[in-house]
*Asks:* 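So that we are looking at the same thing, I have put the structure below in structure tokens.
A, B, ... follow the sequence lines: proteins, then strands. Residue 1 opens every chain.
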There are 2 protein chains.
Amino acid sequence: MQGGGGIKTRPTAPTLEEVAREANVSRATVSRVVNGSPKVSPDVVTAVNAAIAKLNYVPNRAARSLASRTSGAIALIVPEDTTMFFGDPYFAAIVQGITRRLDESEFLLNLLVASTDPSHKTLRYLRSGVVDGALVISHHEGDDLQREAGLALPLVFGGRPSQAGDHIFVDVDNVEGGATGTSHLVDIGRRRIGTVSGPLDMPAGVDRLEGYRRAMDAAGMPSDAYEVADFTAAGAMEATRRLLDRFPDLDGLFVASDLMATGAFAAIAERGRSVPDDIAVVGFDDSPAALSGPMPLTTVHQPSEQMGFEMADLLLRHLAGDPDVPHRNIMPTHLVKRASA
Amino acid sequence: MQGGGGIKTRPTAPTLEEVAREANVSRATVSRVVNGSPKVSPDVVTAVNAAIAKLNYVPNRAARSLASRTSGAIALIVPEDTTMFFGDPYFAAIVQGITRRLDESEFLLNLLVASTDPSHKTLRYLRSGVVDGALVISHHEGDDLQREAGLALPLVFGGRPSQAGDHIFVDVDNVEGGATGTSHLVDIGRRRIGTVSGPLDMPAGVDRLEGYRRAMDAAGMPSDAYEVADFTAAGAMEATRRLLDRFPDLDGLFVASDLMATGAFAAIAERGRSVPDDIAVVGFDDSPAALSGPMPLTTVHQPSEQMGFEMADLLLRHLAGDPDVPHRNIMPTHLVKRASA
DNA sequence: TTGTAGGCGTTATCAT
DNA sequence: ATGATAACGCCTACAA
């Protein structure tokens, strides 16, 4: 017989036990080496590492997680659909920042783009112990992860959460940002200024609109020219059309995201009007979308990448037991002048 | 004393054990109910479910995984950096398809966008048992997940893997697709046709270029006007510049991805030439990028979303032990005529 | 510094 | 149909 041929024996992964045997030490010692315990004699460390290399050992994450009651992973929760998530470069920047922070740690990132049924499947997931904490971005008013089903998981929000509570979050001053963008339009002499806002169930939507209002008030101009959109280009195009219908004399437009600004551009072009001559446009984010349109977009910069980094950093510190992680983390914005306004 | 205040006792999650006690049955029975075993009397099922609901019980995934030796999760491996991954809507479509398939299953998806150090950290991850299988897209020649470190994990590729072997994959006929796109340029009377290809360490790059060659050969025209790019808009812009330098009389251009076509548009505009009058352009993918540029792009459609769905489906069937999942899955392409050619 | 032993929460194999 | 009782692979007091 030639070696029991026929049945395909899946080569079962080596365990701590086998490494211990190979190195002539106990499992505990191997475990210590694997976890970098300082109290192991150098020669034993060497021997164990040799055994690990020889057997090509990799710790079983489930076992480790079960015993240690930690998973070494965090989740990024995005309550939007895939299209939205991939469509806006803002998210790309956030993720970039998060992974940059995580890369210098041992933590893994689990992406959870959960538009459908956020309460049920997502919550089960979060409560099943697969992650030690979670980052939440693009948070809408409805979803109250924190309380729902008594979820006791460390959370850090990207953007001030709409519901009250002592949450840890990273954000910019959206009111101020909205005012900055709008004021610029005032400053360059526009007389009929409107805005396309984000959804009103998101603080970023509400606040940037409020910023528009304040700037208009301060300038003694009416703040009635606004339409609500959903942070997508298509939605913004629609909203801009409505705005142009209502205010044919519009000559300035503050759009609450760069991606939406591309939609606004399309609507404006469709009406045969030009940017910035007929209508000056200011966006928000300073994401790659600001440069992807027909013209470089003047926009309110927010440090998205750093915000992602910061979110991850705060969560990791929180998980590490750091008692004084700041809860309100407001990062600066500034106007970036380009061709559109 | 008021209830031991001071120490913040984290409410430890309920376990099978507690549910069993609550329902006056054994752990085994609860486990059966949780896993939908048919051999449990209806009233017991009811009682157990009541206890589960009351205690708000969610199975611990690590424990389950350890005992059952399966994780209920699969990974999507993308050997690119975050920017690239988020930048090309092609990936969005794939992910969309994958999640569509997964949503109708109990499996979770773990995204692994691993540009940096794909061999080490990623491999450890894959071998740690957190996933039962993996989907690999945007696969370059270097990364040989399969063999590397003896990884014995069920894999399904998006795009024919470059290394030999009996891999399961979903792909289109890129040679044919490339020929289709190029031939269209011939058909509409272009005389000096070039191409911007993908990287030559990826089959999709090589094959679409080969398709261009064949179409040119068949038309009796020279196939020397090609430049290699990297599937990014910026890279394609560069490549197109070089091409225009080398062939000032270029009047037709086949670009190996829609995203790259937007870069080509930019380069062409920069040179003061027009599309399609001066230069007709054909892309590949039929992704949203085809409609994001200054002009609707004529392109070779590939069913990206369905390909993602199919990949996930094949992997799940494979994991379920289905003995005859097809290994070579070639999906159809077709030309979509729009304004650019 | 190293080893022993018990336990983490489930599943799975036996009996019953 | 239900219940003991081992595993599963690792961590962690505790002991030596």
*Asks:* Please compare B:S41 and A:S68 by the position of their nearest nucleotide in DNA chain D and report the one closer to 5'.
*Replies:*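 On the 5' side of the pair lies B:S41.
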
*Asks:* A side-chain contact here means heavy atoms from C-beta on lying under 4.5 Å apart; do A:L316 and A:S105 qualify?
*Replies:*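 In short, these two side chains touch, coming nearer than 4.5 Å.
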
*Asks:* Apply side chain to side chain contact (heavy atoms under 4.5 Å, CB included) to A:D322 and A:H318, showing your working.
*Replies:* CA-CA 5 Å; A:D322 185 334; A:H318 186 60; over 6 Å; no

*Asks:* CG of A:L55 versus C1' of D:dC10: gap in Å, rounded?
*Replies:*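 To the nearest whole Å, that distance equals 16 Å.
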
*Asks:* Please give, in whole Å, the distance from D:dA7 P to A:L66 CG?
*Replies:*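 To the nearest whole Å, that distance equals 17 Å.
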
*Asks:* Quick one: are B:R27 and B:V30 in side-chain contact, heavy atoms under 4.5 Å?
*Replies:*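 No, their side chains stay 4.5 Å or more apart.
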
*Asks:* Please report the distance, rounded to the nearest Å, between CG in A:L16 and P in C:dG3.
*Replies:*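 After rounding, the reported distance stands at 13 Å.
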
*Asks:* Using five base pairs at each end to define the local axes, how bent is the helix from C:dT1-D:dA16 to C:dT16-D:dA1, to the nearest 10°?
*Replies:*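 End axes: 30° apart.
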
*Asks:* C:dT10 P sits how many Å from B:I52 CD1, rounded?
*Replies:*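 In whole Å, C:dT10 P and B:I52 CD1 are 10 Å from each other.
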
*Asks:* Please give, in whole Å, the distance from C:dT2 P to A:R21 CZ?
*Replies:*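 For the pair A:R21 CZ and C:dT2 P, the rounded distance is 20 Å.
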
*Asks:* Got a salt bridge between B:E305 and B:R100, using NZ or NE/NH1/NH2 to carboxylate O under 4.0 Å?
*Replies:*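 Counted as a salt bridge, because a side-chain N and a carboxylate O are separated by less than 4.0 Å.
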
*Asks:* Can you check side chain to side chain contact (heavy atoms under 4.5 Å, CB included) on A:L135 and A:I98, steps first, answer last?
*Replies:* CA-CA 9 Å; A:L135 266 19; A:I98 293 170; 3.8 Å; yes

*Asks:* Please report the distance, rounded to the nearest Å, between CG in B:N60 and P in C:dC8.
*Replies:*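 Computing the B:N60:CG to C:dC8:P distance gives 12 Å.
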
*Asks:* Could you walk me through whether A:I74 and A:L102 satisfy the side chain to side chain contact (heavy atoms under 4.5 Å, CB included) test, starting with their C-alpha distance in whole Å, then the side-chain angles of each, then the deciding distance to 0.1 Å, before giving a yes or no?
*Replies:* CA-CA 9 Å; A:I74 68 174; A:L102 257 35; 3.9 Å; yes

*Asks:* Start with the C-alpha distance between B:F91 and B:F86, add both sets of side-chain angles, then the distance that settles ring pair (Phe, Tyr, Trp, His ring centres under 6.0 Å), and finish with yes or no.
*Replies:* CA-CA 7 Å; B:F91 291 119; B:F86 282 94; 9.6 Å; no

*Asks:* With a 4.0 Å heavy-atom cut-off, tell me which residues in residues 23-40 of chain A come close to DNA chain D, sorted by residue number.
*Replies:*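 Of all residues in residues 23-40 of chain A, the ones placing a heavy atom under 4.0 Å from DNA chain D are A:R27, A:A28, A:S31, A:R32, A:N35.
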
*Asks:* Take the protein atom CD of A:E17 and the nucleotide atom P of C:dT4, then report the distance between them rounded to whole Å.
*Replies:*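 About 11 Å, once rounded to whole Å.
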
*Asks:* Phosphate oxygens OP1/OP2 of D:dG9: is one of them under 4.0 Å from a side-chain N or O of A:R64?
*Replies:*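 For A:R64, the contact criterion (side-chain N or O under 4.0 Å from OP1 or OP2 of D:dG9) is not met.
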
*Asks:* Around atom CD of B:E106, are there more than 12 heavy atoms from other residues, nucleotides or ligands closer than 6.0 Å?
*Replies:*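 No - once you tally the heavy atoms of other residues, nucleotides and ligands closer than 6.0 Å, there are 12 at most.
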
*Asks:* With a 4.0 Å limit, can you tell me whether A:R69 has a side-chain N or O closer than that to the phosphate oxygens OP1/OP2 of C:dG9?
*Replies:*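 Result: yes.
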
*Asks:* Is the A:H327-A:F169 ring centre distance short of 6.0 angstrom?
*Replies:*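 When the ring centroids of A:H327 and A:F169 are compared, they turn out to be at least 6.0 Å apart.
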
